[in-house]
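In this text the structure is predicted, and so the values were computed from the model without any measurement.
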Amino acid sequence: MSSGGRPIRVLNVAEKPSVAKAVAGILSQGGGMRVREGRSRFNKIFEFGYTIRGQQCQMLFTSVTGHLMELDFDDRYRKWHSCDPIQLYRAPVVKYVPEDKMDIKRTLEEESRNCQWLVLWLDCDREGENIAFEVVEVCTQANRHLNVWRARFSALIDRDIRESVEALVRPNQLFADAVDVRQEIDLRIGASFTRFQTMLLRDAFHLDFARDNRNVVLSYGPCQFPTLGFIVERYWEIQSHEPEEFWTINCTHNSDEGIATFNWMRGHMFDYTCAVIIYEMCIQEPAATVSVTEVAWNSSFTTNAAVKLSQTVPNYNHEWYWGSACSKVAKVRQEEKLKYPPHPLTTIELEKRASRYFRISSEQTMKVAEDLYQAGFISYPRTETDCFSQRTDLRAIVQEQQGHPVWGSYAQRLLDPGEGLWRNPSGGGHDDKAHPPIHPTKFSSGESRWSQDHHRLYELVVRHFLACVSKPAVGAETTVEVDIASELFSASGRVILEKNYLDVYRFESWGGSMIPTYTFGQQFAATTLTLDSGVTRPPTLLSEADLLNSMDKAGIGTDATMHDHIKKLLDRCYATKDSNTRFSPTNLGEALVMGYDDMGYELWKPYLRAMMESDMKLVSTGAKRKAEVLETCLEQMKACFLDARSNKAKLFEAMEVFFERSGRSGADEQQAGGDITRRCGVCQESDMVLRRKPDGNFMVGCLGFPQCRNVVWLPGSLAEAAVTTNTCSICTPGPVFMIQFKFRRLEIPHNYNVDHLARAGPTTTSSSNQQRNPRQIACTHCMQYGHSSNVCPSQVSHSSMARSQGVNQQNGKISYLS
DNA sequence: GCAAGGTC
């Protein structure tokens, strides 16, 4: 690979300090590793010697902390009032290293200069590949002779790491491109819609939840809105639910051994007459017949409530019948059933289970998990992997837990071959190729500085892990099917034979209920046979676990960000969470979704994100080019944005359902609506927009107000003024949009045309710096000061119409200038 | 003041 006896100096960069430390530790096995400080106090530099394919290397190992760079608009477009939001679809964007990452950048630059190789140890996912290219950009700027390599590893395990060093590859540009696409689309869509809807609605309504409207931001994001959409959609389902009455026949039988409750196998019947007829048949026909129907197995851990939107609850007892109906046992089935332990723990499962078992929010779960990870008690908490690598020493992890006062004895039983409790964990088939499932990495019987949540989450991680390597619980199930007048009823009971993993996984249970013994062909008289009624109930509000589930299925967010999106909805006052972790939309959240829904857009549905995700896949495989995907996606979104803007009345109507109009809606709404004529020639930063003041007069003012006070007052004789799509062919910098004027007939000479096309002219820098009477009137043709339209320099050259119709107002008088 | 994605 390289010649000579001098060792190659290799700069290795990992995505986070912990990985740098771990990999350096593995490769330097046997010692000789030195640690020194970099410029960033979190990102140390590890140094040691290593031999790669026979080549002596001096290894320097450091890290970044996630993305090194950020994407944002060019300075000129960063301020909210700097431009019409529509321009954000074309405005130049820049990738830059933010201030808080500059020290990491400097370390990379300094170390790069003294190295020949750069080896990238970033996580093996798309984001990791993108970060790799950020690192490459910084490092090769400092040393363009660097030989750049990528290490591919799937776990921080000796063999994996050593093998990946021997099989270095080049970084994959396509993976990084896919992330570039996502970043740019998210930024442009997010910023444009956020600015638009904030400026449109914030001041137009009394937002009762906010102390000060000025601080309210009505954000839009391709992840936060679909998440809100899930909440609103469920809320609407509940509101639109119409209870429906149903009927069902229930049967019980008391014997010496106990009571059995038989359920009608038809379930619920919505036709009363039909139900009554069958019921009559049952009580009049004592003879039972034998059926050959297979017994359906009802999974005890998939409850109806979780599967069906409408739950049914009997609430009315119609009639009693005592005694003589004869039931015959048509079938008795006894089977062994297994209840399997969960798959190894992923981030989303951790969040869902913490919410279900302890009602800890996903945000708090991630905060505490990060803490436990930092302190070395659990493995990396952001993972999608739900199967362990075959090389993981699972028994060693169990061994560590043997001393625990509560679950230590279970760990001992697991390791005892005589117990036969061990089972190699099954996986769910997900592997992010970057991190193992969440598991304990250090024993603790509780630390003094731990909060209750720390205790609970550590316990959950440990018990979950122990459960994963345990045998499933074993139960004996009996299902008895009886036949009354050809109607089938069934009852089942379960006895748990071996608890196995349930012994340690106290969060799950497996309900056992006994029923009396029945034998095939046995006849008995039902103790009660009743026709009961009930009503269908609406589904419940979404719980945090439900919400995470919906997001996961629809591909909204990542394991590391889902909790952020949920929190954002609460922070933005789009949704609330009750004590039972159930989410409801607020008025604001509902209004926004309603507004977009009324427009007929699915901006609040997950499809947009799903489309982006599939486009990203195509980019990452090379099936589509980055520029092509960006172009088409942004073009579509831009069209959608324009459409939404022209349909802004729908948003207003939806908001009016919940909020009172404030009467204020001035400059901001104007901008959201966008009547931009040209770029401001004074500050050169913001746009000039056409506005009508409360006194009825028109003006063209800079959006940079009050920082920039550039303004052009239009003649008071105007009845109407509107920015057109015609652009001036002379004025620079373009585009300069022409304004259509309509004068008041009575205020201008009778032979003057009321319609007039002009442009808001270039206010030169020199004239704008002078103190100016704000009421000074500009030339109506080019909107410049210092001359009247009859001597307007631009008139002679191009606009014959304007020339013949020039008009000026001076000293309150209209004078016609031909 | 805006997105979502990394991460401390």
Side-chain angles (χ1 to χ4, degrees), chain A residues 14-21 40-44 63-73 77-83 85 88-89 91 93 95 97-98 100-101 103-104 122-123 125-135 176 178-200 202 210 212-227 347 366-367 369-371 373-375 380-382 432 434-435 551 555-568 571-572 603 608-609 612-613 616 637 641 668 672:
Chain A
E15 189 158 322
K16 40 193 160 285
S18 62
V19 171
K21 190 178 178 186
S40 152
R41 71 190 173 91
F42 299 111
N43 308 83
K44 312 277 183 215
S63 54
V64 287
T65 42
H67 276 287
L68 186 57
M69 297 181 170
E70 271 175 25
L71 189 72
D72 206 345
F73 296 107
Y77 297 88
R78 249 180 241 198
K79 285 189 193 145
W80 276 45
H81 289 279
S82 67
C83 68
L88 298 179
Y89 287 90
V93 286
K95 236 185 190 188
V97 179
D100 62 337
K101 298 285 173 74
D103 45 7
I104 298 177
L122 294 125
D123 292 356
D125 51 23
R126 283 192 304 227
E127 293 294 332
E129 212 66 21
N130 190 269
I131 300 171
F133 278 88
E134 294 173 355
V135 171
V179 172
D180 282 342
V181 169
R182 178 197 57 70
Q183 286 179 341
E184 197 173 325
I185 294 175
D186 283 346
L187 174 67
R188 292 185 190 277
I189 295 176
S192 59
F193 273 93
T194 299
R195 289 185 194 181
F196 161 66
Q197 64 185 24
T198 303
M199 292 191 283
L200 180 70
R202 179 180 56 188
D212 184 354
N213 272 28
R214 281 173 301 183
N215 298 328
V216 172
V217 172
L218 305 180
S219 63
Y220 174 89
C223 284
Q224 47 179 285
F225 251 58
T227 306
T347 304
M366 291 315 289
K367 214 186 262 170
E370 178 67 27
D371 227 36
Y373 161 68
Q374 289 295 331
Y380 190 67
R382 288 177 281 275
D432 64 15
H435 306 285
M551 294 170 76
I556 302 298
T558 68
D559 52 345
T561 61
M562 277 159 129
H563 67 274
D564 279 337
H565 301 312
I566 295 175
K567 180 167 184 290
K568 186 149 275 170
D571 290 346
R572 296 277 189 231
L603 284 170
L608 176 65
R609 196 73 192 166
M612 273 175 62
E613 182 58 36
M616 276 175 73
M637 281 312 293
F641 179 85
D668 265 0

In whole Å, I'd like the distance from the [atom1] atom of [X] to the [atom2] atom of [N].
{"X": "A/H565", "N": "B/dC2", "atom1": "NE2", "atom2": "P", "result": "15 Å"}
{"X": "A/I189", "N": "B/dA4", "atom1": "CD1", "atom2": "P", "result": "10 Å"}
{"X": "A/D125", "N": "B/dG5", "atom1": "CG", "atom2": "P", "result": "12 Å"}
{"X": "A/D186", "N": "B/dG6", "atom1": "CG", "atom2": "P", "result": "11 Å"}
{"X": "A/L68", "N": "B/dG5", "atom1": "CG", "atom2": "P", "result": "19 Å"}
{"X": "A/F73", "N": "B/dA4", "atom1": "CZ", "atom2": "P", "result": "13 Å"}
{"X": "A/F641", "N": "B/dA3", "atom1": "CZ", "atom2": "P", "result": "15 Å"}
{"X": "A/Y220", "N": "B/dG1", "atom1": "OH", "atom2": "C1'", "result": "19 Å"}

What nucleotide, of [options], holds the atom closest to the side chain of [X]?
{"X": "A/R382", "options": "B/dG5, B/dC2, B/dT7", "answer": "B/dT7"}
{"X": "A/I131", "options": "B/dC2, B/dG6, B/dA4", "answer": "B/dG6"}
{"X": "A/A560", "options": "B/dT7, B/dA4, B/dG5", "answer": "B/dT7"}
{"X": "A/R609", "options": "B/dC2, B/dA4, B/dT7", "answer": "B/dA4"}
{"X": "A/P222", "options": "B/dG6, B/dA4, B/dG1", "answer": "B/dA4"}
{"X": "A/H81", "options": "B/dG1, B/dG6, B/dA4", "answer": "B/dG1"}

Exercise for review: Check the angle between the aromatic planes of A/Y220 and A/F225 and answer parallel, tilted or perpendicular using the 30° and 60° thresholds.
Suggested key: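 The rings of A/Y220 and A/F225 sit tilted, inter-plane angle from 30° to 60°.
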
Review point. So A/Y89 and A/F641, would you call those rings parallel, tilted or perpendicular, with 30° and 60° as cut-offs?
Key: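 Judged by the thresholds at 30° and 60°, the geometry between A/Y89 and A/F641 is tilted.
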
Phosphate OP1/OP2 of [N] contacted by [X] side-chain N/O (<4.0 Å):
{"X": "A/Q183", "N": "B/dA3", "result": "no"}
{"X": "A/Y380", "N": "B/dT7", "result": "yes"}
{"X": "A/R78", "N": "B/dA3", "result": "no"}
{"X": "A/S219", "N": "B/dA3", "result": "yes"}
{"X": "A/K568", "N": "B/dC2", "result": "no"}

Looking for any heavy atom pair under 4.0 Å, which part of the strands does [X] touch: base, sugar-phosphate only, or nothing?
{"X": "A/R182", "result": "base"}
{"X": "A/N130", "result": "nothing"}
{"X": "A/R572", "result": "sugar-phosphate"}
{"X": "A/D72", "result": "base"}

Practice item. Applying salt bridge (charged side-chain N to carboxylate O under 4.0 Å, His left out), run through A/D432 and A/R382 and close with a yes or a no. Key: CA-CA 10 Å; A/D432 64 15; A/R382 288 177 281 275; over 6 Å; no

Check your understanding: Does A/A369 have any side-chain contact (heavy atoms from CB on, under 4.5 Å) partners at least two apart in sequence or in another chain, and if so, which?
Key ->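 Scan of A/A369 (side-chain contact (heavy atoms from CB on, under 4.5 Å), adjacent residues dropped) gives A/L350, A/I378, A/P381.
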
**Study point:** Is_stacked (A/W80, B/dG1) at 5.5 Å, 30 deg
**Key:**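 Yes, aromatic ring over the base.
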
Review point. Nearest nucleotide by nearest heavy atom, which residue falls closer to the 5' end of DNA chain B, A/G557 or A/T194?
Key: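 First, find each residue's nearest nucleotide; the 5'-ward one identifies A/T194.
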
Review point. Hey, which of these two, A/P17 or A/E70, hits DNA chain B nearer its 5' end, going by closest nucleotide?
Key: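 Going by which nucleotide is closer to the 5' end, it is A/E70.
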
Point to revise | A/S219: side-chain hydrogen bond (donor to acceptor under 3.5 Å, both in side chains) partners, not counting sequence neighbours | key: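 Counting only residues at least two positions away or on another chain, A/S219 forms a side-chain hydrogen bond (donor to acceptor under 3.5 Å, both in side chains) with A/Q224, A/R572.
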
Check your understanding: Does NZ belonging to A/K44 count more than 12 external heavy atoms closer than 6.0 Å?
Key ->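 Yes, NZ of A/K44 has more than 12 neighbouring heavy atoms, counting only those of other groups under 6.0 Å.
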
